> 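Structure below; questions to follow.
All residue numbers in this chain count up from 1 along the given sequence. Keep in mind the model is a prediction, meaning the values are calculated, not measured.
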Amino acid sequence: MRWWPTLPFVAAGLMVGPIGIEPAQATDYDTCVGDLLTLDLDRETVASACALAYRPQEVSGCVTGVMAETNIAPRDALSACSRDRRPPEVATCVTSIHTNLTVADLPESLSVLDHCHRSLLPVRYSECVLAVGLIAEFTTADALDRCISAGYRPENVAPTYIPSE
């Protein structure tokens, strides 16, 4: 009978649900569909993208954010934003690279979008790209490749405390 004091907490937990998880609201879907339809995307694509999104407003916000700073087609932006787990960060990554570095043409723009989408931490990735591009004076394409690749990790930078004997 020692477990009976925990019953109110268990019952409250079942009524409240998981803490920290905020599912999409009906208005989020309205915003997603409305925003994406204004970009001349077909209804089927918009319906699928918004219906499948856990946070649909983040997906549409990502697409509009990418399109505000780039010449990327809405369909390409939607493809990357709807498949990413951090759509707002993808938009931030793409826009910060486009506003601070020289992005030559559409293929390079698409490369920026692809690299930001492939990165696990898009904002941190864009910080790396900006540092390598601006401070080390690499081209945008080289900075994208250097920061995404694990092969460019410097080795033996920190001193070791292991005896050499």
> Under the rule for side-chain hydrogen bond (donor to acceptor under 3.5 Å, both in side chains), what residues qualify as partners of T92, not counting sequence neighbours?
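Expected list: none.
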> Work out which heavy atom in C81 is nearest to a heavy atom in V66; give both atom names and the distance.
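Closest approach of C81 to V66: SG-CG2, 4.4 Å.
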> Taking the side chain as C-beta and beyond, is there a heavy-atom pair between S119 and I148 under 4.5 Å?
yes
> Cluster partners of V123, using ILVMFWY side-chain heavy atoms under 4.5 angstrom, listed by chain and number?
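Direct or chained contacts put V123 with none.
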> Can you tell me which residue pairs pass the salt bridge (Lys or Arg N to Asp or Glu O under 4.0 Å) test with a partner in residues 78-87, sequence neighbours excluded?
R86-E89
> Taking the side chain as C-beta and beyond, is there a heavy-atom pair between T64 and S60 under 4.5 Å?
no
> Taking the side chain as every heavy atom from C-beta outward, state whether T139 and T102 have any pair of such atoms under 4.5 Å apart.
no
> Is V112 reachable from L134 through a run of I, L, V, M, F, W or Y residues, each pair having side-chain heavy atoms under 4.5 Å apart?
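Linked within one cluster.
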> Would you indicate whether the side-chain heavy atoms of L144 and I97 approach each other to under 4.5 Å?
yes
> With the 4.5 Å side-chain cut-off for hydrophobic clustering, are V33 and L52 part of the same group?
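In one cluster with V33: L52, no.
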> Salt bridge (Lys or Arg N to Asp or Glu O under 4.0 Å): which pairs involve residues 67-76, sequence neighbours left out?
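Salt bridge (Lys or Arg N to Asp or Glu O under 4.0 Å) check on residues 67-76 returns D42-R75.
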> With no hydrogens and no angle check, just 3.5 Å: does a side-chain donor-acceptor pair link S111 and H115?
yes
> Mind checking whether Y29 and L36 sit in one hydrophobic cluster, side chains of I, L, V, M, F, W, Y counted as touching below 4.5 Å?
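Y29 does not cluster with L36.
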> Quick one: does T99's side chain have a donor or acceptor within less than 3.5 Å of a partner on T95's backbone?
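It does hold such a pair.
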> Indicate the atoms forming the closest heavy-atom contact of G133 with A143, along with that distance.
N-CB, 3.9 Å
> Count I, L, V, M, F, W, Y as connected when their side-chain heavy atoms are under 4.5 Å apart, and connections chain through other members. Are V63 and Y54 then in the same cluster?
no
> Would you mind listing every disulfide bond (SG atoms under 2.5 Å apart) that reaches into residues 107-145, with sequence neighbours excluded?
C93-C116, C128-C147
> Going by the salt bridge (Lys or Arg N to Asp or Glu O under 4.0 Å) test, which pairs reach into residues 112-140, not counting sequence neighbours?
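Listed once each, the pairs are D114-R118.
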> How long is the span from the CE atom in M67 to the OG1 atom in T38, to the nearest 0.5 Å?
9.0 Å
> Can you tell me if D40 has over 12 outside heavy atoms packed within less than 6.0 Å of its CG?
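Count not over threshold, so no.
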> side-chain contact (heavy atoms from CB on, under 4.5 Å) between L113 and T70: does it pass, once the steps are laid out?
CA-CA 10 Å; L113 177 64; T70 69; over 6 Å; no
> Linking I/L/V/M/F/W/Y whenever any side-chain heavy atoms sit under 4.5 Å apart, do V132 and V103 land together?
no
> Mind checking whether L37 and R43 have side chains closer than 4.5 Å, heavy atoms only?
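Side chain of L37 against side chain of R43, heavy atoms only: contact under 4.5 Å found.
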